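The block underneath contains the structure these notes are about, expressed in structure tokens.
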Amino acid sequence: ASTGRGQGGDTHIYTAYHGYWPRDLSKPERRFGTQDEFKTLVDEAHKAGIKILVDYAMNHVHKDSPVWTAHMGDGWFNPLDLGGGSQCICGTGACPWEGSKAQVCWFTDYLPDFNFGNSAARDFSVSNALSWIKDNNVDGFRLDAVKHIDISWLTQLRDRLTKEIEPVSKQHVYLVGETFTGDTNLIKSFIDPCLKLDGQFDFPLRVRVVQNLLQRQGKMQDLRGFMDSNENFYGSGLMSTFMGNHDVPRSIHFAQNTPLWGDPWADGKDRNFGAGRPGVVGETEAYERVSMALALLMTSRGIPLIYYGDEIGLPGAGDPDNRRFMDWNTGGYSGGQKLLLDRTKKLGLIRKAHAALRRGRRSQRGGNLATVEGLATAGGDGPQGTAGRREAEQFAHLRCPAARQEGLREARLRRQVGKLCGGGPLVLHDHRHRIAALGDVDGRGHQVGKGQLAEARRQRHPGRHRARHGDAVPAALGRRAR
């Protein structure tokens, strides 16, 4: 197996456990299975209505790769040596992670960096990417380290997908990029569903969610202001919202009563080994905060990413400690873990049932230091939503009540909420706050604007209501408990 030294001060030697040090670009990792088994996986997923994206690392290969051996001296790769004993390693003084050197620096000295300004290297790499779709019928890519490649690679990939793949598959190939930065303009620069990416992972939103909801920093008005500015910032882009991933510490530790890290951008590697390595979190409040953050993401537009294990508050510091084996021993889960898993499942059902939560329009109805309240619609009436907390403590419990939603008392709404939530409440509260998530009136949306719900809204907003077809889903309404 290919090996390499850790980064960020980590001197341990690792194998390519994560798959980001490509050696043979033509076949799956042996430990994952054969090519035929992968095809079977994709086919079975499609039968179940599941789309499959391949995480494609195009920026580099491992030095053990035959591609590097064959082309190390013909311009296919950017030079490592700068002369005078200096090397172009990303994150060093000579080649910072950001700026003009970002596209030519090597992540480390054993990962040769492709030069996609070279047309032969670019053609080879794009053709390899397309082969994974042609040979396996996958539905798209998660593209790694987008800001570190020449943009011509991305535009050529999209052009060939449009000409060679989509006329045959009769569906658009979804491309989501990973650009690890808080620079919204840089993230946006790669988004154009016709020419480049469909969307990117929303790192700036993730930082706000961690700060305002998990760490309880700042004010809820900060979150509201950011979400207002972020709503349409990426145009037609379909962003992927998330709270945790493989580059940051596990979300549960940001949500502890005393967070293990105060900086949402912390890499967590200071606790990867030894006595500081975090264990399962005991305090229930941390799981409640994570479920509150998930409620916000799962009732917002975009494609939510739930990093495996976050649904049970899996512990872990930085990479590689944040990639621990999944804990499948459900009988051994703590009360907090069971609570979080239950709410995650129910949030998934609510989101699946209502288009407004996936692609609706969101508008703010109010808010203060403790609350943010909004309204989302998809072609008509839509879900209400509120998230809130006090300066010293955030919301904690989530539930699906059957009534009391500001005069919206449709009996059919109450019946569907009961069914959606398994006949019981979806509870999330502490002694100060409450947030509620409600289900829909008609899963197909055919009666929206014709019943008591529409009439109630006309009474509340005379002259402003227009009856249209679409979902009508009071999704989240929170207030301070009196």
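In this text, all values refer to a predicted model and were calculated from it rather than measured experimentally. Heads up: numbering here begins at 1 and tracks the sequence.
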Measure from the side-chain N and O atoms of [X] to the backbone N and O of [Y], and report whether any donor-acceptor pair falls under 3.5 Å.
X	Y	result
Asp139	Ile52	yes
Glu311	Thr344	no
Asp198	Leu175	yes
Arg271	Ala317	no
Arg343	Ser291	no
Gln215	Gly262	yes
Ser240	Ile303	yes
Gln217	Asn212	no

**Report entry** side-chain hydrogen bond (donor to acceptor under 3.5 Å, both in side chains) between Asn257 and Arg216, intermediate numbers included
**Finding:** CA-CA 9 Å; Asn257 291 342; Arg216 292 89 69 206; 4.7 Å; no
Query - side chain to side chain contact (heavy atoms under 4.5 Å, CB included) between Arg323 and Tyr307, worked out - result: CA-CA 10 Å; Arg323 306 176 193 247; Tyr307 186 44; 3.7 Å; yes
Query raised in the report: ring pair (Phe, Tyr, Trp, His ring centres under 6.0 Å): which pairs involve residues 39-58, sequence neighbours left out?
Result: Tyr56-Phe141
Looking at side-chain heavy atoms only, is the closest gap between [X] and [Y] below 4.5 Å?
X	Y	value
Val210	Val248	no
Asp327	Leu314	yes
Tyr287	Ile252	yes
His18	Pro320	no
Gln337	Leu341	no
His246	Tyr308	no
Gln211	Arg208	yes
Val54	Asn136	no

Report summary line: Across all chains, not counting sequence neighbours, the side-chain hydrogen bond (donor to acceptor under 3.5 Å, both in side chains) partners of Asn322 are none
Report summary line: With sequence neighbours left out, the residues meeting side-chain hydrogen bond (donor to acceptor under 3.5 Å, both in side chains) with Glu98 are Lys147
Query - Ion pair check, Glu231 and Arg301, cut-off under 4.0 Å - result: yes
With sequence neighbours excluded, residues passing salt bridge (Lys or Arg N to Asp or Glu O under 4.0 Å) with [X]:
X	value
Lys269	none
Arg206	none
Arg142	Asp55, Asp144
Asp321	Arg277, Arg324

With [X] via ring-ring contact (aromatic ring centres under 6.0 Å, His included) - residues at least two apart:
X	result
Trp106	Trp68
Tyr14	Tyr17
Tyr110	Trp21, His62
Trp97	Phe107, His148

If you compare all heavy atoms of [X] against all heavy atoms of [Y], which two are closest, and at what distance to 0.1 Å?
X	Y	value
Thr34	Glu37	N-OE1, 2.8 Å
Pro204	Tyr234	CG-OH, 4.2 Å
Asp310	Val290	O-CG1, 4.3 Å
Pro278	Gly316	CG-C, 3.8 Å
Gly318	Asn272	N-OD1, 2.8 Å
Val42	Asn137	CG1-O, 3.6 Å

Requested in this report: Check step by step if side-chain hydrogen bond (donor to acceptor under 3.5 Å, both in side chains) holds for Asn230 and Asp202.
Outcome: CA-CA 10 Å; Asn230 200 54; Asp202 200 336; 2.9 Å; yes
Report task. Please test Gln200 against Phe190 for side chain to side chain contact (heavy atoms under 4.5 Å, CB included), starting from the C-alpha separation and ending with a verdict. Result -> CA-CA 8 Å; Gln200 295 228 60; Phe190 297 102; 3.5 Å; yes
Report task. Before giving the answer on side chain to side chain contact (heavy atoms under 4.5 Å, CB included), spell out for Asp247 and Glu178 the whole-Å C-alpha distance, their side-chain angles and the decisive distance to 0.1 Å. Result -> CA-CA 11 Å; Asp247 286 321; Glu178 183 260 358; 3.6 Å; yes
Query raised in the report: What residues form a side chain to side chain contact (heavy atoms under 4.5 Å, CB included) with Asp43, not counting sequence neighbours?
Result: none
Query raised in the report: With under 30° as parallel and over 60° as perpendicular, where do the rings of Phe242 and Phe203 fit, or are they tilted in between?
Result: perpendicular
Query raised in the report: Can Asn185 and Phe233 be said to form a side chain to side chain contact (heavy atoms under 4.5 Å, CB included), step by step?
Result: CA-CA 9 Å; Asn185 288 313; Phe233 183 80; 3.3 Å; yes
